[in-house]
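Below: the structure, in structure tokens.
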Amino acid sequence: MSIPIADPAALDEGTLRVTPLGGLGEIGRNMTIFEFDGKILIVDCGVLFPEEHQPGVDLILPDFEPIRHRLDDIVGVVLTHGHEDHIGAVPYLLRMKSDIPLIGSGLTLALVEAKLKEHRIKAFTLTVKEGQQEKVGPFDLEFVAVNHSIPDALAVVIRTPAGMVLATGDFKMDQLPLDGRITDLRAFSRLGEEGVDLFLVDSTNADVPGFTPTERSIGPVLDQVIGKAPRRVIVASFSSHVHRVQQVIDAAHAHGRRVAFLGRSMVRNMTIAEQLGYLKVPNNVLIDFKKARDLPDEQIVYMSTGSQGEPMAVLSRMANMDHAIEVSEGDTVILASSLIPGNENAVYRVIDGLTKLGANVVHKANARVHVSGHAAAGELLYCYNILKPKNVLPVHGEYRHLIANAKLAQDTGIAEERTIIASNGTVIDLKDGDAKVVGQLDLGFVYVDGSTVGEITDADLKDRRILGEEGFVSVIVVVDAGTGRIISGPEIHARGIAEDDSVFDDVVPKIVAALKEASGNGVRDTHALSQVVRRTIGRWVNQKLRRRPMIVPLVIEA
């Protein structure tokens, strides 16, 4: 459902305004702002990773425009857990105002602080845990334990006079988690009895029937694969998946292997997790990467980044033979992660490259080496039946996930008009148990490209795609300033086009004739003459070569 762009009216007294800035219609950029009594609370502030049609982009941020001029009104940022799609944009928010308080669990804040240190930002933090309550501005907050694919995840309850909101963050209902910390359904039941006015719920697996398998089910598979591997084992996973790394370490230790971490983020995050006690490492199991190369092949497991086919990550560089570790016949590579939508081609290229090098590649399609961190349809139904929320706002997922989640809510008896299918920028007002859409902000993508933030536009990306797919043609012509007569050129050069430059000899007379006609009509402006050149060669290249390259004409007066 597309909501027309419309600015909302001024916020009424006693009303809570909820506006997702990211995470709806996409997997990533999770960020929602809550406004009450002139103050703003933010829940999560994550990034989206670029797809192939966004060449050169490093990260994609939420659009901060709605809060850019209201930074002094922000009373805090609640971070539900430590994944990049929920914390990755925090440094870019704090660049705008560094003393915005960050609120989260111990591991979450430790991961954020390490990231902020790289940006030379010292944060103001408040560490919280499940069961804790805090008053932040006009918002009464309560934190509830939820199980996810990273330890210390929290759901957040937001109470105001306008009503009570429960935002799950990312969660599932693993009943046998490695750390024994389950999603607190007793707290959910208590909140249901109190009355949840608006339920913001994770939608990522809403279209998956049944229940998400337990993380423990992966352990025996990893143990078997690592136990049978004849040579080196390389395991790729998300750099923050502490539970998955724990199971790799346990399997490696059981088979007399040592573990070396590869990739800056993997080393950083696992060091933090071990220091805080979330990662249990037996003595003499971890080894530095450089020393690991001296071990016999059958005694080492490398734990690396790059499970999504990222070009500069460790696994991709191995597949391209651009890493110190040269994958060869008999090595075993395990991709122990999900496949984020949009990354399929990149991941399969890496799998193919590693297979060509002789590796046995084990991944989700041929072995249970990954389970999701998100609640499937059966788990979501349990939540709806326990909570009986008055209004539901599915979040965290692509459009099909939001629709599937809304349908589950309706199956449990929640009225269709109380299940809101929103987009990024949809403005929802909550008061007296009623939630209604009151506006739609015009939000865009904010691209991080090297050291620049927000300067790259969609038009720039289109130019990059054209350059990458269709090539580049330059045309230089020198004309007499007084008469418009051609003095030199046209000189044509092409890049990224298979044909030799001589193929353009046929179009030179057409350009000359077009310029002569234009100058005969009194055209002297070099920009106008450049457009004549662009149209002439553009038509010819399209008809003759069946291509649409980037054309850069340059007409110079002399």
For the residue pair [X] and [Y], establish whether any side-chain heavy-atom pair is separated by less than 4.5 Å.
X      : Y      : value
His401 : Ile27  : yes
Val112 : Thr125 : no
Gln440 : Pro4   : no
Met270 : Val242 : yes
Val235 : Val301 : yes
Leu94  : Ile100 : yes
Asp85  : His396 : no
Pro66  : Leu443 : yes

Ring-ring centroid check His83 His148, cutoff 6.0 Å: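 Ring centroids of His83 and His148 are less than 6.0 Å from each other.
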Between Ser240 and Asn269: side-chain donor-acceptor atoms closer than 3.5 Å: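 Looking only at side-chain atoms, Asn269 and Ser240 do not form any donor-acceptor pair under 3.5 Å.
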For [X] and [Y], work out which heavy atoms get closest and say how close.
X      : Y      : value
Ile428 : Ala422 : CD1-CB, 4.4 Å
Ala236 : Thr305 : CB-O, 4.3 Å
Leu93  : Ile67  : CD1-CD1, 4.0 Å
Ile121 : Ser98  : CG2-CB, 4.3 Å
Asp44  : Ile42  : O-CG2, 3.3 Å

Could you give the distance from [atom1] ([X]) to [atom2] ([Y]), rounded to the nearest 0.5 Å?
X      : Y      : atom1 : atom2 : value
Arg534 : Ile511 : CZ    : CD1   : 12.5 Å
Leu441 : Ile33  : CG    : CD1   : 7.5 Å
Thr32  : Leu24  : OG1   : CG    : 7.0 Å
Lys122 : Leu116 : NZ    : CG    : 9.5 Å

Non-neighbouring partners of [X] that pass side-chain hydrogen bond (donor to acceptor under 3.5 Å, both in side chains), sequence neighbours left out:
X      : result
His323 : none
Thr332 : none
Lys407 : Asp411
Asp331 : Arg231, Arg232

Residue list, side-chain contact (heavy atoms from CB on, under 4.5 Å) with [X], at least two apart or on another chain:
X      : result
Pro394 : Ser203, Val392, Leu402, Asn405, Ala406, Ile421
Ala110 : Ile272, Leu276
Ser474 : Phe472, His493

Of all residues at least two apart in sequence or in a different chain, which pass the salt bridge (charged side-chain N to carboxylate O under 4.0 Å, His left out) check with [X]?
X      : value
Asp72  : Lys97
Lys290 : none
Asp7   : none
Arg68  : Glu65

Any sub-3.5 Å donor-acceptor pair from [X]'s side-chain atoms to [Y]'s backbone N or O?
X      : Y      : result
Asp207 : Ala404 : no
Glu26  : Tyr399 : no
Asn205 : Ala375 : no
Arg244 : Ala336 : yes
Arg29  : Leu61  : yes

Aromatic plane relationship, His81 with His86 - under 30° parallel, 30 to 60° tilted, over 60° perpendicular: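 It falls in the tilted class, 30° to 60°.
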Name the atoms and distances for all side-chain donor-acceptor pairs under 3.5 Å in residues 260-268, with sequence neighbours left out.
{"residue": "Arg264", "atom": "NH1", "partner": "Glu118", "partner atom": "OE1", "Å": "3.2"}
{"residue": "Arg264", "atom": "NH1", "partner": "Glu118", "partner atom": "OE2", "Å": "2.8"}
{"residue": "Ser265", "atom": "OG", "partner": "Ser239", "partner atom": "OG", "Å": "3.3"}
{"residue": "Arg268", "atom": "NH1", "partner": "Glu118", "partner atom": "OE2", "Å": "2.9"}

Residue from Leu315, Ile234, Val362 passing side chain to side chain contact (heavy atoms under 4.5 Å, CB included) with Leu335: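 So the option named by the test is Leu315.
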